[in-house]
> 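Got a structure for you, written out below as structure tokens; questions coming shortly.
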2 protein chains.
Amino acid sequence: MPRAVVKPTEEADIRALSLFNGMTEESFQALFRGAYVQNFPPMIDLITEGDPSDFLHVITHGSVELFAEWNGRETTMATVRPVSTFILAATIRDAPYLMSARTLEKSRIVLLPSIDVREVFATDPVFARAIVDELAMCYRAVIKNTKNLKLRTSVERLANFILRNVSNGDGLATFELSMEKRRLASFLGMTPENLSRAIKTLQGYGVKVEGAQVTVHDVEDLTAFAKPEALIDDYST
Amino acid sequence: MPRAVVKPTEEADIRALSLFNGMTEESFQALFRGAYVQNFPPMIDLITEGDPSDFLHVITHGSVELFAEWNGRETTMATVRPVSTFILAATIRDAPYLMSARTLEKSRIVLLPSIDVREVFATDPVFARAIVDELAMCYRAVIKNTKNLKLRTSVERLANFILRNVSNGDGLATFELSMEKRRLASFLGMTPENLSRAIKTLQGYGVKVEGAQVTVHDVEDLTAFAKPEALIDDYST
DNA sequence: CGCTATGTTGATCCATATCAATAAGTGTGG
DNA sequence: CCACACTTATTGATATGGATCAACATAGCG
């Protein structure tokens with residue numbers, strides 16, 4: 001694999017991540033000494049579940065899908081976007097990956113040797129604290145996701161997904177789907193056919209989907225149906 | 001609430017937990033200075049989701065159910081047994097609990113003020129490392145659980161649950177259910193009625209359930225059906 | 001003991017998956 | 001730039017896993 005230099009602007013982006021922004025320059029350099037960067041085309045497998053976790057991955061451009069397989073079935077676990085890290089827990093525990101990862105678009109990935117991450121963790125208390133914060137947040141995100149899956153029907157999950165995305169906007173109740181519908185379906189725990197029908201069901205609550213463009217005409221109405229709540233739908237805590 | 005002294009044997013049990021066993025005596029004492037212990041009857045609510053996380057909980061006797069609610073529905077997220085901690089992530093992030101907890105039997109709980117946990121975390125690198133390990137393990141456990149839920153049918157989940165429990169035994173393919181069936185059903189993501197039928201279905205694979213006693217007559221056969229795999233069913237990594 | 005909660009079984013309903021056909025994009029090479 | 005191939009999305013028909021409702025059995029527990 002061709003090893004590329006990390007661009008200065010890129011390094012700055014990564015350093016701005018909460019995981020890295022408080023650490024000493026010395027620690028940061030120690031982390032990046034063994035790092036390398038690569039550009040990947042779409043639909044390239046980056047990691048396969050079960051493999052040893054040699055690198056902490058940081059995505060700086062593009063998008064990556066985390067997915068899992070069992071007995072011939074496959075499900076989307078998450079989609080990762082810049083700038084963020086993924087598979088931190090496996091790196092920390094020096095344990096095999098539980099999920100596979102593939103690029104969805106042309107993507108740029110920084111690879112930090114896991115051994116360096118563990119090394120710096122041991123010497124830089126600020127970094128240690130940041131890793132704990134990050135892990136605790138990831139843990140809580142997965143718990144929220146489990147509640148979402150177990151307590152809601154597929155239409156309710158879709159309704160809340162839509163609300164979460166439009167509310168992030170600038171007041172205009174519209175947004176663009178950031179992934180293919182079939183991946184969204186898998187992420188939400190349903191089939192593509194079922195997603196199509198769920199969208200139709202939500203038309204009754206003022207939701208219109210044209211291609212990737214989602215518009216909510218009556219946020220009140222959709223909210224009354226979806227009943228979003230912080231302990232499931234707020235990804236910031 | 002009556003505040004009780006932590007018994008020496010109990011303190012030893014807690015110190016033996018991987019989370020605490022490497023830390024300095026000084027740190028350990030700092031953690032336990034503000035600690036208190038309480039005995040609770042069965043079916044007492046210990047914490048309610050949404051509440052601020054004032055204490056890290058350690059269960060030393062009994063059993064505790066972690067559950068979540070939304071829109072009038074309730075689901076069992078996990079059952080906690082001695083000696084282990086729970087709601088570590090909320091404590092670390094100083095964020096509201098995502099799950100509620102109630103005692104299932106008479107239980108003894110040690111409460112460590114969250115503020116002390118965060119304080120000692122900042123000063124004791126061994127403790128910091130242990131917390132990270134614990135959190136990473138918890139994170140991975142929830143990911144495994146999500147894979148279990150999304151990739152398997154309810155009968156498959158039950159089959160793997162049974163295998164996981166009998167294989168922990170002494171070679172004899174039998175074990176006792178550690179919780180009521182309705183809670184097991186909820187944990188596995190199904191209704192009690194459905195669990196009854198799932199058990200019947202597994203009779204065809206040599207599973208017999210009499211009360212709480214589960215016997216597997218043909219582990220080979222059940223394994224062939226359940227297809228357990230480390231990346232979902234092994235809780236140790 | 002008898003009450004109350006839990007568990008089982010049966011009948012039925014509903015949500016979601018599956019199968020199948022078509023339509024609509026999307027990318028590729030001539 | 002268009003035609004073709006291929007993937008994705010939609011729609012309809014049907015099957016099925018699982019939920020719900022109801023009745024009854026059973027087991028804990030005061």
Side-chain angles (χ1 to χ4, degrees), chain A residues 41-44 65 67 70-76 79 102-106 148-159 161 176-204 207-214 225, chain B residues 41-43 63 65 70-76 79 102-106 148-161 176-204 207-214 225:
Chain A
M43 295 307 290
I44 295 295
E65 175 185 27
F67 64 100
W70 179 78
N71 197 29
R73 300 167 207 166
E74 176 180 320
T75 191
T76 300
T79 306
R102 68 164 75 97
T103 55
L104 292 177
E105 352 167 18
K106 228 162 68 69
N148 197 30
L149 280 172
K150 290 184 80 175
L151 291 168
R152 288 175 174 159
T153 66
S154 59
V155 179
E156 288 166 346
R157 291 196 293 275
L158 174 63
F161 172 84
E176 195 143 323
L177 289 177
S178 54
M179 56 181 131
E180 292 172 303
K181 290 203 180 95
R182 70 196 191 95
R183 283 179 219 286
L184 175 60
S186 178
F187 173 68
L188 293 175
M190 60 178 111
T191 59
E193 296 94 321
N194 201 0
L195 175 59
S196 279
R197 286 167 186 133
I199 290 171
K200 271 197 158 176
T201 302
L202 291 184
Q203 280 178 5
V207 174
K208 200 163 76 180
V209 179
E210 290 163 303
Q213 196 63 37
V214 180
F225 169 76
Chain B
M43 297 306 291
S63 59
E65 175 185 27
W70 179 77
N71 197 27
R73 300 168 207 164
E74 176 179 322
T75 191
T76 299
T79 307
R102 68 165 75 96
T103 56
L104 291 177
E105 352 166 19
K106 230 161 67 71
N148 196 30
L149 281 172
K150 289 184 82 177
L151 291 168
R152 288 174 173 160
T153 67
S154 59
V155 179
E156 287 166 347
R157 291 196 293 274
L158 174 63
N160 280 289
F161 172 84
E176 195 142 324
L177 289 177
S178 53
M179 56 181 133
E180 292 171 303
K181 289 200 182 101
R182 69 197 191 94
R183 282 179 218 286
L184 175 60
S186 178
F187 173 68
L188 293 175
M190 59 179 112
T191 58
E193 296 95 321
N194 202 359
L195 174 59
S196 278
R197 286 168 186 133
I199 290 172
K200 271 196 158 175
T201 302
L202 290 184
Q203 280 177 5
V207 173
K208 201 163 77 180
V209 179
E210 291 163 303
Q213 197 64 36
V214 180
F225 169 76

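By convention in this document, chain letters (A, B, ...) are assigned in the order of the sequence lines, proteins followed by strands, and residues within each chain are numbered from 1. Bear in mind that the values here come from a model prediction, so they are computed numbers and not experimental data.
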> Could you check how far CE of Met190(A) sits from P of dC14(C), rounded to whole Å?
20 Å
> For the residue pair Arg157(B) and Leu149(B), establish whether any side-chain heavy-atom pair is separated by less than 4.5 Å.
yes
> Does Leu195(B) offer a backbone N or O that forms a donor-acceptor pair with the side chain of Lys200(B) under 3.5 Å?
no
> Identify whether any heavy atom of Thr191(B) sits under 4.0 Å from a base atom; if not, whether one sits that close to sugar-phosphate; answer base, sugar-phosphate or nothing.
base
> Counting N and O atoms only, with roles assigned by atom type, does the side chain of Thr103(B) sit under 3.5 Å from a partner on the main chain of Lys106(B), one being a donor and the other an acceptor?
no
> Say you draw a straight line from CG of Asn194(A) to OG1 of Thr191(A); how long is it, rounded to the nearest 0.5 Å?
4.5 Å
> Run the side chain to side chain contact (heavy atoms under 4.5 Å, CB included) test on Lys181(A) and Leu177(A) for me, step by step, so that the C-alpha distance in whole Å, both residues' side-chain angles and the decisive distance to 0.1 Å come before the verdict.
CA-CA 8 Å; Lys181(A) 290 203 180 95; Leu177(A) 289 177; 4.0 Å; yes
> Over its full length, what angle do the end axes of the helix from dC1(C)-dG30(D) to dG30(C)-dC1(D) make, each axis taken from five pairs and the result rounded to 10 degrees?
50°
> Could you give the CE-to-C1' distance, from Met43(B) to dT6(C), as a whole number of Å?
13 Å
> Which residues pass the salt bridge (charged side-chain N to carboxylate O under 4.0 Å, His left out) test with Arg182(A), not counting sequence neighbours?
Glu180(A)
> Minimum heavy-atom separation for Lys150(B) to Phe187(A), with atom names?
NZ-O, 2.9 Å
> If every non-hydrogen atom of Thr79(B) is compared with every non-hydrogen atom of Met179(B), which pair is closest and at what distance?
OG1-SD, 3.7 Å
> What is the separation between atom CD on Glu193(A) and atom P on dA17(C), rounded to the nearest whole Å?
9 Å
> Taking NZ from Lys181(B) and C1' from dT8(C), how many angstroms apart are they, rounded to a whole number?
9 Å
> Closest approach of Thr76(B) and Glu65(B), non-hydrogen atoms and distance?
OG1-OE2, 2.6 Å
> Report each atom pair, protein N/O against N/O of nucleotides 22-29 of chain C, whose distance is under 3.5 angstrom.
none

> Restricting to non-hydrogen atoms, name the atom on Arg73(A) and the atom on Arg152(B) that form the minimum distance, rounded to 0.1 Å.
NH1-CA, 3.7 Å
> For Leu188(A) and dT16(C), give me the distance from atom CG to atom C1', rounded to whole Å.
14 Å
> Of all nucleotides in DNA chain D that come within under 4.0 Å of a heavy atom of chain B, which is furthest toward the 5' end and which toward the 3' end?
dG18(D) to dC21(D)
> For Glu105(B), enumerate each residue passing the side-chain contact (heavy atoms from CB on, under 4.5 Å) test, keeping only those at least two apart in sequence or located in another chain.
Ser63(B), Arg81(B)
> Assign Thr153(B) to base, sugar-phosphate, or nothing according to its heavy-atom contacts below 4.0 angstrom with the strands shown.
sugar-phosphate
> Which parts of residues 195-204 of chain A get close to DNA chain D, meaning a heavy atom less than 4.0 angstrom away?
Ser196(A), Arg197(A), Lys200(A)
> Identify whether the distance between the nearest side-chain nitrogen and carboxylate oxygen of Glu74(A) and Arg102(A) falls below 4.0 Å.
yes
> List the steps, then state whether side chain to side chain contact (heavy atoms under 4.5 Å, CB included) holds for Leu151(A) with Glu156(A).
CA-CA 9 Å; Leu151(A) 291 168; Glu156(A) 288 166 346; over 6 Å; no
